[in-house]
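Throughout, protein chains are lettered first and strands after them, A, B, ... in sequence-line order, and every chain is numbered starting at 1.
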Amino acid sequence: MTFRIKPAMLKMAAAAWLLGATSAMADTTLEFTQWWEPEVPAGSLRKIMDEFEAANPGIKVTLVSGPYAATRDQISVGAATGTLSDVVGLDGAWVNNLNAQNALADMNPMMDASKFDKAQVADIIQVDGKAVMFPVASFVYPVFVNLDLAAQAGVTKLPSTRAEFLEAAKKMTHADKNQYGWVLPLSLQSPSGVQNDMMSWVWASGQSMMADGKPALEGKPVVDMLTFVKSLNDAGTISPGIATKTEQEKVEEFVNDRVGMMIDSLAHVNLIRKRNPKLNFDLIPVPVVENYNGKRGLPYASWGIGISAGSKHQEEAWKLVQYLMSEKVNAKLVSLANAFPGNVNAKPDFVTSDKAFGKAFEIFKTGYLANEFTGLPVAEDLMSQFDVEAQKMLAGEQSPEQAAANAQKGWTAKF
Amino acid sequence: MTRQKRSRHRLKRTVAPYLYLSPSLVIIGLLMLLPMVTVISYSFQNSAVLRRDPSFAGLKHYQAIFADPVFWASLWHTLYFTCMSVVFHMTIGMIFALMLNSDRINPTLRNILRVLYILPWLFTAVIIAVIWRLLLEPNGVVNSILMQLGLIGSKIEWFSSPETALHAVTFANIWAGYPLFMVSLLAGLQGIPKDFYEAADIDGAKGYQKLTFITIPQLMPIIISISLLDFIWTMQVFPLIWITTGGGPIYSTEVLSTYTYKLAFSSYNLSQASASAVVILLISLGLTLFYIRYQKAR
Amino acid sequence: MAEVILENICKTYGNNFRAIDRLNLSIEDGEFLILVGPSGCGKSTALRMIAGLEDVTSGSLRIGGIDVVDMPPKDRDIAMVFQSYALYPHMTVFENIAFSMRLAGKPKAERKKRVDEIAKILQLTSLLDSKPANLSGGQRQRVAMGRAMVREPAAFLMDEPLSNLDAKLRVQMRAEITSLQKQLGVTTIYVTHDQTEAMTMGDRVAVLKGGVLQQVDTPKRLYESPVNAFVAGFIGSPSMNLFEGTLTGDELTAGTFAIQLRDAAFARRPGLRSYAGRKIVFGIRPEHLYDSSLESGRKYQTLPAKVTSIEELGSEHIVHLNIDAVRVDSGDPDAVRDFGLASNAVAKFEPESTVRSGSEIRLALDDTKLHFFDPETHLAI
């Protein structure tokens, strides 16, 4: 019986809630769900919203904020029950699911109607020909190098190729002193290490884990990457505890001079400085395969933005999206978050004021954003499967080829 | 008094108990029954939650789970984790309770031990997980002590190697859970009349005979009740395993709870997750019925 | 079967509290000795020391000629019946009785034979498969006895075994235990605070107070010649009435009345004369006070008294009275105090007595039954 009652009840609840949300004032009130507000200085996102409200009389914005994971669950449930906010913060990894639920609006017609300059945005995420997400802010993943450890190990030229990286990692490794060349976090709780610390090697060399929109894990690029990671592991250069290491622990080890190199989000620069002000580190692009001279793909995570397909105020919602993507506002927002802008013309102030960020901005401008998990179905599940196969490989249970083949099998089933 | 009046009075008397019960019945219905029934119904739907018009799937999701070797591995790990935990909780709890109840130990030392022994209980699962992650880190305290003692030759990746991970999480859970037994058994021990032991002394019982003939039979009701409860609770342990290993490395510590969680929140396959949750529910229900029958029998 | 001999037994606890002070007792083979005294007098401690459940601080303790001071309880060849019976609730009656044999590794057939024997004596045969929880108080008591008997010990130790029974059952069990002890002929030490049990059950009674032995003797002699005011007050129910008086010549005066003493009283107590002109404590048991209006009271001298209350028991009347004399405390901490101080004496009258509460009467007193004690030491004169 409850089986029948449940949807009806939810609909009623949703209706009552929408009623409360929309009819209170003559003004249009937009709801904006995201996980960004807790990650920027208190009140700063609200301030941007206030400025938007001032520039667009008649539109009010309500911020619905929470931590990343809670927001993720809230949005996936909201999509199912039709209670998704008008404007939603998005992670590329969710887009495919949400699109499958028909929860996201196609922004193409809106762009056309408002003569939006598509050239000004860094990327437009398309699924099934629909423009569903813009990256508002991007956090790129360069390699962080502990310069003191590098100097002690006699690494004078920072690595630019995988072979050089392996050499440098070997030199920096002193297992007896708990010091290792590299750190690889493959914990299964949050398998993003697959994206940030493994696939980033593939993308950096301009390669792909996909072919014709289908997984191609058995192709040379991924197998080579796995072989490379295995060689790092066989040489004992990876800090132990790989299978349960989390991203936080990775950063912690780097901060405490226990690893020489790590791939990490630029967003952590300030955190690392705060934890260990004496740490002398530099940023380099992720090294590439031998003889590669093309543009480097930069793995990144992003704050994406999209509009709910069920929103009654898509026109107003589009105004908010446009506003956040505009040159000046975008620059202001990414400056708060220490991220790179979604608007290519925006120039955040920290890149001129901070050397490390300036360097990273150079890397950013000479490369291109690459994250093939964006838009894939059940992206986290895919990472998780790949993670398990990689763990088996590192445990010596299978070769890189077998790992790739097994992961390919798993992934194909999901597509 | 008219007949009508009397029958109305009788009706009132029949209805009254239910009126008193109704608030709790409503709350139980809303907070326990409704979610349970909802999850059961999800397990028979295609794309539960994610689609607004889910279609009936029959037993498809159950078949999918039963065909998944990872599910069976999880079930086995759950049983190992649970049985070992309960057995050791009981053994350690018993030993510590006997120590704390013994007159032979100096009262001051006993009070200090009492505080020490109860410590694991003061921590939440998350803190316990973090403590053991730090202690059992390859470069952590445990490895360094074991190496100093010459018991191990190289650093062991307790949580990160498939051979040791399940034992390591089980160990952490044993550490986290014995105080429940200890406290319950201690209360039980203090309730055993001293006369029993004195009578046994006179009758010529040795220490172990007092344990087997008096202490254990006297504590049996507590041992059985707490074991069953512990079994039910341990079967559903999630945060400890999730934070220490996340079910890995590979699938070596995947238990039913982490398996279900991953289906739900990593694969977004809420239908299969519901089916898996129903399986856990059925196992727990079986144990609970056993527990209730035991309680009634007493 | 054996004699039990205690010599200068002391028990001192950690806080320097001396529970037993130089206790000397020798219990003959087959004797039934009662240890009695008010609560806290050390009687249970003494028993537990004999059992080996408490350490002996100093002194020697021999059972059957063997010094057992450093022996664990199981080697002392004794059996004990606890106040709570200490029956194991998870075992059947059979298992409870057979427990010591099982510990001793006796074969099953032997156990069965012996338990059956004992069950027959104690009329427990039909209950052997029951658990203690399903037994009545008297049955449990018998099981506890059975458990002690099964070992054929040198001595039985019983710690207030009847105190958990109701009054009627207690009377019955009293007789049963006594006859059982006679039948078995095992040396028995029996602790109680109930002076009725003390008077009716034992061959001899040892009265303890504050860890010190006051008197050991047969019940009759305890009753007739208590060595001090405490024993006098403790033995007998209701207690002996004790008052302060002054001895002047042949006259004992107290308050406004005087009692004439006869020569016989002085002849039996050579020391009594020396108290002439001095304070003295005198005692008279309630059964030696009479209603002067009845035939039985006619022949005695009388003194004025006021009736404060009457308990009519059918066979006799317990009459609470107030006489013009200062009451003396025997030193029994368990004695019932009349906080109203309305009465200071108790008498047992025949049921024919017609005295009423509140009336002034003449109280008859059998002066040959008077007891005299030193006012300082409370020792009998």
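Proximity to chain A among residues 130-145 of chain B is limited to B/Arg133, B/Glu137, B/Pro138, B/Asn139, judged by heavy-atom separations below 4.5 angstrom.
Both the backbone and the side chain of A/Thr246 come within contact range of chain B, each with at least one heavy atom under 4.5 Å from a heavy atom of that chain. Neither the backbone nor the side chain of B/Thr258 comes within less than 4.5 Å of any heavy atom in chain A. With a threshold of 4.5 angstrom between heavy atoms, A/Glu397 approaches chain B through side-chain atoms but not through N, CA, C or O. No part of A/Ala390 comes within reach of chain B, as not one of its non-hydrogen atoms sits under 4.5 angstrom from that chain.
Rounded to the nearest 0.5 Å, atoms CD (A/Gln385) and NZ (B/Lys262) are 11.0 Å apart. Annotation: the span from B/Ser161 atom OG to A/Gln391 atom CD amounts to 11.0 Å, rounded to 0.5 Å. Within the model, atoms CD1 of B/Ile243 and OG of A/Ser187 stand 11.5 Å from one another, a figure rounded to the nearest 0.5 Å. To the nearest 0.5 Å, the span separating CD1 on B/Ile250 from CD on A/Gln398 amounts to 7.5 Å.
Per-residue heavy-atom pair counts under 4.5 Å with chain A were compared for B/Tyr261, B/Trp242, B/Tyr251, and the maximum is reached by B/Trp242.
B/Trp121 CH2: more than 12 foreign heavy atoms inside a 6.0 Å radius. For B/Phe88, the CZ atom is loosely surrounded, since the number of other residues' heavy atoms within 6.0 Å does not exceed 12.
Taking the salt bridge (Lys or Arg N to Asp or Glu O under 4.0 Å) definition, one finds that A/Lys414 meets it with A/Asp381, sequence neighbours left out. Shown here are the salt bridge (Lys or Arg N to Asp or Glu O under 4.0 Å) partners of A/Glu380, two or more places apart in sequence or in another chain: A/Arg72. By the salt bridge (Lys or Arg N to Asp or Glu O under 4.0 Å) test, A/Asp234 pairs with A/Lys230, sequence neighbours left out.
B/Ser160 and A/Thr244 form a side-chain donor-acceptor contact under 3.5 Å, judged by distance and modelled atom types alone.
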